[in-house]
Amino acid sequence: EDVLLPAPQNISILSTNMKHFLTWSPLTVQKETVRYSVEFQGEYEREYANESWIPICECSLVTSTVCNITEDISATVAYKLRVRAYIGVRRSEWGTLKGFFSPITTSLTPPLMKVIADGYHLLVKLEDMGPAFQFCVVYWKKGQESRMQQKVVKEVSSVVHLDTMEAGAAYCVKAQTYVEAINRSSSFSQTQCVRTQGDRSMWL
Amino acid sequence: LTAGNKIFHLGPCRVSLSITEIRAGFNAIKASIQARDPIKTLSILSHPYSLHKVKASDRCCIALHLFDFYVDKVFKHCKAEDSYLNRKISSIANSFLSARRKLEQCHQQNQCPCGQESDEKLEQVLVNYEGLNVTSAAIKSLGELDILLDWM
């Protein structure tokens, strides 16, 4: 009689900046190739579709122990996830993620940015993190921390113009991301300061 | 949520909906869903009057009614053989569920008034829906999702 395989263990989610990955510990069986399949269940399936589960075909019978679930986990509801192991026709019980996962809990990191002094123009170049992301850019003249100004950037274009600078003055900039769908922001990035000196920007 | 979100102002109610995600999901399945709809001469949402004829004051309640309609009556009868279709329908259904919850909260705070027109409109949608067998009606309604999205 076929011995059941043990269910995958240590099932967890890695979610950063609205990209979500399911991971689990590999099952090691001598001289055998172990494959895995992943399924998800949203709140809709639990409440309106007889608690049905939906397979993720990109993660069906795969040897990897990581599955990108971003495309399917697309609403701000609670999702359940499970993984099953296969060796040939033998298969394990489902290993289920403890509790639920919702995109609301994703961790948000500050954006990568580059501050440029183009002549007397203070510019910032922001990382394109996808359409779900907006940016709050805060900038001030060095030494006048009490007079910080703020600009909300809804769509990342190549470069954002912040201000026209006074000659010889130094200006500082920091930025954070904002995701409207989950109404949360990242922490602020490191502050970057530049000073104008004719046409060359000087980092401080 | 990987795609752009949009805040819908329905009267005093604000609903954040990942509209780009829903449209992308719908566009991915639209052709095959509409191919399964044999009755081209009928509309569930637009017969006899288009959604666009609705008074502004009734927009919020109609949106709430239509979210209810899709969540309670439509999505569950659209199960497909194709897993890709099921994943996209799940994505839309869970987004609608999330949006409905926000609208319901607003409704409970008496900010999403239901007038005669919104009740009549939903009544008409249900009459159109019940005029067909349930699978055809559900598939046709899902195929008309862009009518709802355009109206919103």
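Throughout, a chain's letter reflects where its sequence line sits, starting with A, and its residues are numbered from 1. The model shown is predicted, which means the values in this text are computed figures rather than measured ones. Only this structure's heavy atoms are used, side chains among them; waters, hydrogens and symmetry mates stay out.
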Original post:
Between B:Ala24, B:Ser91, B:Ser98, which shows the greatest number of heavy-atom pairs under 4.5 Å with chain A?
Top reply: B:Ser98

Original post:
Do you know the tightest heavy-atom contact between B:Ser83 and A:Cys57?
Top reply: OG-SG, 4.3 Å

**OP:** Side chain from CB out, backbone as N, CA, C, O: work out which of these in B:Lys73 comes under 4.5 Å of a heavy atom of chain A, or both, or neither.
**Re:** neither

Subject >> Nearest-0.5 Å distance that lies between atom CD1 in A:Ile54 and atom NZ in B:Lys88 >> reply: 11.5 Å

Original post:
So which heavy atom on A:Ser74 is nearest to which on B:Ser95, and how close?
Top reply: O-OG, 4.0 Å

**OP:** Check whether more than 12 heavy atoms from other residues, nucleotides or ligands sit under 6.0 Å from atom CG of B:Asn133, and answer yes or no.
**Re:** yes

**OP:** Using a cut-off of 6.0 Å, state whether more than 12 heavy atoms not belonging to A:Glu93 lie near its atom CD.
**Re:** no

Original post:
Would you find more than 12 non-hydrogen atoms of other residues, nucleotides or ligands less than 6.0 Å from B:Gln109 atom CD?
Top reply: yes

**OP:** Answer yes or no: is there a donor N or O on one side and an acceptor on the other, between the side chain of A:Tyr44 and the main chain of B:Lys76, under 3.5 Å?
**Re:** yes

**OP:** Answer with side chain, backbone, both or neither: which region of B:Phe96 has an atom nearer than 4.5 Å to a non-hydrogen atom of chain A?
**Re:** neither

Subject >> Check: A:Glu43 main-chain N/O paired with B:Asn94 side-chain donor or acceptor under 3.5 Å >> reply: yes

**OP:** Flag yes if more than 12 heavy atoms outside A:Glu145 fall under 6.0 Å of its CD atom; otherwise flag no.
**Re:** yes

Original post:
Is it true that A:Glu39 and B:Arg87 make a salt bridge, defined as a side-chain N closer than 4.0 Å to a carboxylate O?
Top reply: no

Original post:
Does any heavy atom of chain B fall under 4.5 Å from the side chain of A:Ile104, the backbone, both, or neither of them?
Top reply: neither

Original post:
Picking from B:Asn86, B:Asp72, B:Ile22, which has the most non-hydrogen pairs under 4.5 angstrom with chain A?
Top reply: B:Asp72

**OP:** With rounding to the nearest 0.5 Å, note down the distance linking OG1 in A:Thr76 to NZ in B:Lys102.
**Re:** 4.0 Å

Original post:
Taking every heavy-atom pair that is under 4.5 Å apart, which of A:Gln41, A:Glu58, A:Met129 has the most such pairs with chain B?
Top reply: A:Glu58

